[in-house]
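Report on the structure given below.
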Protein chains: 2
Amino acid sequence: MATRKTKTQDCDEGPVTLPSDALAERTAQLAWAVAHPARVRIVHLLAHRKACVCGEIVDNMSLAQSTVSQHLKILKESGLIQGEVDGPKVCYCINPEALRELKSLISKL
Amino acid sequence: MATRKTKTQDCDEGPVTLPSDALAERTAQLAWAVAHPARVRIVHLLAHRKACVCGEIVDNMSLAQSTVSQHLKILKESGLIQGEVDGPKVCYCINPEALRELKSLISKL
DNA sequence: CTCCATTATCGTTTATCTACGATAGACGAT
DNA sequence: ATCGTCTATCGTAGATAAACGATAATGGAG
């Protein structure tokens with residue numbers, strides 16, 4: 001333990017509070033999912049149109065189709081969005097529960 | 001076969017709503033700052049102790065000092081935390097405004 | 001079956017992150 | 001001035017991300 005007894009007026013001496021490892025990792029995981037402008041836009045888009053979208057996402061993003069597909073995969077893996085096959089197309093939609101989880105975890109920071 | 005597919009039922013045909021580029025990028029930037037478990041822990045720690053902390057952070061994290069310092073730099077660059085030199089030590093504290101901004105941006109997703 | 005549209009995946013390149021040890025700089029104390 | 005402490009930076013290595021084009025896979029239409 002360091003010998004810091006004097007002049008601690010600047011520092012709060014309260015107990016150290018850290019989130020559990022699992023919580024911190026989940027928070028980081030969800031935050032990371034929206035840690036890219038393209039993914040922010042996708043989440044925003046899906047969150048505001050209640051239902052799914054498909055290749056429209058690509059049209060609204062100045063990125064190659066394969067790149068968008070990769071971002072969609074990342075979002076899907078994080079649980080934030082879900083994809084449903086509808087014929088040759090795929091409809092994506094928000095997973096409201098995961099989005100709520102993200103908001104909740106961030107709000108508790 | 002049905003002439004009309006389920007698409008028109010599943011998909012909201014409303015206008016496409018996307019956040020402005022600047023907004024999406026700021027959201028991504030702040031999200032990225034907490035997109036690592038170590039940085040989540042640091043932010044959480046600083047947010048719950050009102051004032052600053054220094055090498056304690058290192059002690060509470062099973063990472064090398066240089067690595068922690070790098071994470072602190074990232075957080076500082078994002079604006080989420082601030083560092084104040086106090087003699088040979090450096091006291092870090094949360095930037096409440098930036099933290100509020102992060103929470104606000106995420107909550108609006 | 002063949003063609004077309006839609007997505008996902010592969011392979012590659014480039015850039016960035018993450019982690020560490022070593023080292024330099026700043027400061028108080030002796 | 002020198003020493004010990006604390007923190008930031010440098011240099012490096014390995015892993016991962018981001019972007020693209022090319023290609024495969026799926027399924028509807030003709």
Side-chain angles (χ1 to χ4, degrees), chain A residues 1-8 10-11 21 24-25 28-42 45-46 52-78 81-93, chain B residues 1-8 10-11 21 24-25 28-42 45-46 52-78 81-93:
Chain A
M1 192 64 69
T3 64
R4 43 185 293 280
K5 301 181 175 166
T6 54
K7 66 162 184 171
T8 41
D10 285 355
C11 285
D21 283 353
E25 277 191 33
Q29 183 188 26
L30 285 174
W32 187 81
V34 290
H36 189 287
R39 295 197 290 270
V40 170
R41 292 174 76 90
I42 294 173
L45 170 62
L46 294 181
C52 46
V53 188
C54 1
E56 268 181 307
I57 300 173
V58 175
D59 297 339
N60 282 285
M61 211 112 40
S62 50
L63 287 172
Q65 176 267 325
S66 58
T67 306
V68 174
S69 190
Q70 228 169 285
H71 285 302
L72 288 170
K73 185 182 180 184
I74 288 172
L75 287 171
K76 209 164 38 175
E77 282 171 354
S78 77
I81 71 173
Q82 297 168 325
E84 227 181 281
V85 177
D86 174 31
K89 304 186 182 180
V90 176
C91 268
Y92 285 97
C93 50
Chain B
M1 276 318 175
T3 52
R4 282 291 184 183
K5 293 182 295 192
T6 55
K7 172 194 163 202
T8 43
D10 288 353
C11 283
D21 283 352
E25 275 190 36
Q29 183 187 25
L30 285 173
W32 188 81
V34 291
H36 189 288
R39 295 197 289 270
V40 171
R41 292 174 77 90
I42 294 173
L45 170 62
L46 293 181
C52 47
V53 188
C54 2
E56 269 182 306
I57 299 173
V58 175
D59 297 338
N60 282 286
M61 212 111 39
S62 50
L63 287 172
Q65 176 267 325
S66 59
T67 306
V68 173
S69 188
Q70 230 170 283
H71 284 303
L72 288 170
K73 186 182 180 184
I74 289 173
L75 286 171
K76 207 163 40 176
E77 282 171 354
S78 79
I81 71 172
Q82 296 168 326
E84 226 180 281
V85 177
D86 174 30
K89 306 185 182 181
V90 176
C91 268
Y92 285 97
C93 51

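Each chain gets a letter, A, B and so on, in the order its sequence line appears, and its residues count up from 1.
- Separation of atoms SG (A:C91) and CD1 (A:I57) is listed at 9.0 Å; rounding is to 0.5 Å.
- In this structure, the side chains of A:S69 and A:Q65 come closer than 4.5 Å at one or more pairs of heavy atoms.
- Rounded to a whole Å, the OH atom of B:Y92 is 7 Å from the C1' atom of D:dT7.
- In this structure, the CG atom of A:D59 is 9 Å from the P atom of C:dT7, given to the nearest Å.
- Heavy-atom distances to DNA chain D give each of A:G87 and A:S62 a nearest nucleotide, and the one nearer the 5′ end belongs to A:S62.
- Taking atom NZ of residue A:K73 and atom P of nucleotide C:dC10, one finds them 7 Å apart after rounding to whole Å.
- Among C:dC20, D:dA8, D:dT5, the nucleotide with an atom closest to any side-chain atom of B:S66 is C:dC20.
- For the pair A:I42 CD1 and C:dT7 P, the interatomic distance rounds to 13 Å; values are reported in whole Å.
- Taking only side-chain atoms of B:H71, from C-beta outward, the nucleotide of C:dT18, C:dA8, D:dT7 with the closest atom is C:dT18.
- Within the 4.0 Å cut-off from OP1 or OP2 of C:dA19, at least one side-chain nitrogen or oxygen of B:H36 is found.
- The side chain of A:Q65 sits closest to C:dA8 out of D:dA17, C:dG28, C:dA8.
- A straight line from CD of A:Q29 to P of C:dC17 spans 19 Å, rounded to a whole angstrom.
- Each of A:Q70 and A:V90 lies near DNA chain C, and the nucleotide nearest A:V90 is the one positioned closer to the 5' end.
- Listed pair A:T67 / D:dA19 fails the phosphate criterion, with no side-chain N or O lying under 4.0 Å from OP1 or OP2.
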Verdict with reasoning, B:H71 to B:T67, per side-chain contact (heavy atoms from CB on, under 4.5 Å):
CA-CA 6 Å; B:H71 284 303; B:T67 306; 4.0 Å; yes

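- Closest contact between the side chain of A:A64 and the listed nucleotides D:dG21, C:dA8, C:dC17 involves D:dG21.
- Nearest to the side-chain atoms of B:W32 among the listed nucleotides C:dC17, D:dA19, C:dC20 stands C:dC17.
- A heavy-atom distance below 4.5 Å is not found between the side chains of A:E56 and A:Y92.
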